[in-house]
*Asks:* 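Mind having a look at this structure? Questions to follow.
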Amino acid sequence: MDLSYTETQEMLRDTLARFLADTYSFEARQKMLDSAEGRDPGIWKALSSELGLTCAPFAEELGGMGGGATENMIMMEELGKVIAIEPWLQTVVIGGGALRASGGALAEATIPAIISGDALIAFAYAEPQGRYNLADIGTSAKKDGAGYVLNGHKAVVYAAPWATHLLVTARTGGGRREREGVEMFLVEANSPGISRRDYPTVDGFRASEVYFENVSVPAEAMLSGGIDLVEQVVDEATMAVCAEATGIARTMLAQTVEYTGQRKQFGQPIGKFQSLQHRMADMLVEAEQIASMALMGTLKLDAPAAERKAAVSMCKAKVSRSLKFVGQSAIQTHGGIGITMELGIGHYFKRSTMIENQFGGADHHFERYEALTLPA
């Protein structure tokens with residue numbers, strides 16, 4: 001199997017890497033976090049309308065480049081290297097992925113807006129009681145004439161303060177935790193009846209508690225696919241954060257190696273101490289395993305559902321464990337300065353800690369893998 005990237009994919013990586021090198025220094029990122037909006041909207045417009053990178057994973061007939069999950073993996077890795085706070089995961093991977101899989105008039109109308117940068121999507125799926133059970137949904141979507149009425153509460157909705165649309169999971173029928181009756185709706189974020197409580201997250205993003213009170217949505221706002229589509233989208237998102245973890249782990253390793261070459265004790269750089277050399281060698285092994293698992297899982301996203309789910313869970317379980325090791329080793333090697341706001345390594349560690357459990361931690365995915373692969 002040829003695992004090398006195409007010329008176009010390498011071009012996409014180089015374009016994004018050069019752009020981020022010019023715009024996403026640690027100081028520039030800190031200014032974004034300290035701003036009222038928590039980001040620089042001009043960067044997203046540059047990524048979309050100026051550089052045209054948001055078109056990479058979409059079909060050519062919708063204005064895209066004909067790519068897919070591999071292109072998203074490449075982009076997420078580069079974004080991870082600078083711990084970018086851009087809503088690529090929420091808008092392009094999740095929102096665009098759901099629309100691409102569902103198809104129809106809604107996709108034809110919205111995907112071009114994603115590509116142009118005019119549509120920002122937040123994924124409103126998590127609920128306080130739900131844990132990682134995607135079918136444990138209390139938000140209801142009751143039939144009302146030709147459309148539906150949404151009522152409920154969604155928690156920790158990343159990018160919701162910036163979103164033009166919310167991709168909402170809701171129950172049209174069935175009992176609590178039943179797979180039957182779970183659907184997704186694409187709802188305009190400024191629809192009457194939607195309220196938010198916005199807050200910064202520990203890893204630098206902005207998120208919201210989103211409340212729906214008698215929110216009317218048309219029938220055509222429903223995506224086709226039900227719970228199977230929700231699971232597919234979350235699996236794609238899981239592999240995207242694994243790709244982000246690749247960029248984060250490699251950067252934490254590079255910063256640790258650089259620091260140990262500068263910090264001196266007993267008249268010599270601490271990087272010459274054999275115990276620290278062993279630790280950094282172990283960090284390198286784990287970082288490369290993260291990269292390998294991210295690639296393997298991404299290539300399995302087009303496999304049959306059971307095979308895809310098992311591969312994703314195997315990858316996320318390993319990535320969560322490896323990323324934890326790399327992050328903790330980086331902080332321990334830096335010492336107290338590693339957790340200060342003034343040094344970048346602590347901010348990488350915060351994001352890596354969130355990724356460990358995003359869309360399910362190691363224990364959850366070990367259990368899911370066991371349920372999928374072992375006989376009952």
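When a residue number appears, it is its place in the shown sequence, counting from 1.
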*Asks:* For Tyr24 and Glu86, does a side-chain donor sit closer than 3.5 Å to a side-chain acceptor?
*Replies:* yes

*Asks:* Determine whether more than 12 heavy atoms belonging to other residues, nucleotides or ligands lie under 6.0 Å from atom CD of Gln268.
*Replies:* yes

*Asks:* So, the side chain of Lys45 versus the backbone of Leu47: is there a donor-acceptor pair under 3.5 Å, distance only?
*Replies:* no

*Asks:* For Leu343 versus Phe26, what's the shortest heavy-atom pair and its separation?
*Replies:* C-CZ, 4.1 Å

*Asks:* Tell me, please, which residues at least two apart from Ser116 pass side chain to side chain donor-acceptor pair (under 3.5 Å).
*Replies:* Asp118

*Asks:* Restricting to salt bridge (charged side-chain N to carboxylate O under 4.0 Å, His left out), what partner residues turn up for Glu27, sequence neighbours left out?
*Replies:* none

*Asks:* Output yes when a side-chain donor or acceptor of Arg351 lies under 3.5 Å from a complementary backbone atom of Ile248, and no otherwise.
*Replies:* no

*Asks:* With sequence neighbours left out, what residues match Gln129 under side chain to side chain donor-acceptor pair (under 3.5 Å)?
*Replies:* Glu127, Asp136

*Asks:* Under 30°, 30 to 60°, or over 60°: which ring-plane class applies to Tyr259 and His334, parallel, tilted or perpendicular?
*Replies:* parallel

*Asks:* For Tyr158, run the side chain to side chain contact (heavy atoms under 4.5 Å, CB included) check against Ile85, Leu89, Asp203 and tell me which one passes.
*Replies:* Asp203

*Asks:* Could you tell me which residues satisfy side chain to side chain donor-acceptor pair (under 3.5 Å) with Thr353, sequence neighbours excluded, listed by chain and number?
*Replies:* none

*Asks:* Would one find more than 12 heavy atoms of other residues, nucleotides or ligands at under 6.0 Å from atom CD of Gln274?
*Replies:* no

*Asks:* Give the minimum heavy-atom separation between Ser224 and Leu229, together with the two atoms involved.
*Replies:* O-CD2, 3.3 Å

*Asks:* Would you say Lys309 and Ser313 are linked by a side-chain donor-acceptor pair, where the criterion is simply a distance under 3.5 Å?
*Replies:* no

*Asks:* Partners of Asp282 by salt bridge (charged side-chain N to carboxylate O under 4.0 Å, His left out), sequence neighbours excluded?
*Replies:* none

*Asks:* Between Thr169 and Lys154, does any side-chain donor sit less than 3.5 Å from a side-chain acceptor?
*Replies:* yes

*Asks:* Between the side chain of Thr340 and the main-chain N/O of Gly336, is any donor-acceptor distance below 3.5 Å?
*Replies:* no

*Asks:* If you take all heavy atoms of Cys242 and Lys316, which pair is closest and at what distance?
*Replies:* SG-CD, 3.8 Å

*Asks:* Mind checking side chain to side chain donor-acceptor pair (under 3.5 Å) for Ser208 and listing every partner two or more places apart, or none if nothing turns up?
*Replies:* Asp198

*Asks:* About how many Å separate CG of Leu99 and OG1 of Thr110, when rounded to the nearest 0.5 Å?
*Replies:* 5.0 Å

*Asks:* Would a single hydrophobic cluster contain both Leu301 and Phe123, if residues Ile, Leu, Val, Met, Phe, Trp and Tyr are joined by side-chain heavy-atom contacts under 4.5 Å?
*Replies:* no

*Asks:* Say whether, by atom type as modelled, one donor and one acceptor occur between the side chain of Arg171 and the main chain of Glu180 under 3.5 angstrom.
*Replies:* yes

*Asks:* Do Lys142 and Tyr148 form a cation-pi contact, if we require the NZ or CZ to be under 6.0 Å from the six-membered ring centre and within 45 degrees of the ring's axis?
*Replies:* no

*Asks:* Evaluate the side chain to side chain donor-acceptor pair (under 3.5 Å) criterion for residues Lys324 and Ser320: first the C-alpha distance (whole Å), next the side-chain angles of each, then the deciding distance (0.1 Å), finally the verdict.
*Replies:* CA-CA 6 Å; Lys324 182 177 183 178; Ser320 291; over 6 Å; no

*Asks:* For Glu77, is there an ion pair with Arg250 - N to carboxylate O distance below 4.0 angstrom?
*Replies:* yes

*Asks:* Is it the case that more than 12 heavy atoms not belonging to Arg179 sit under 6.0 Å from its CZ atom?
*Replies:* yes

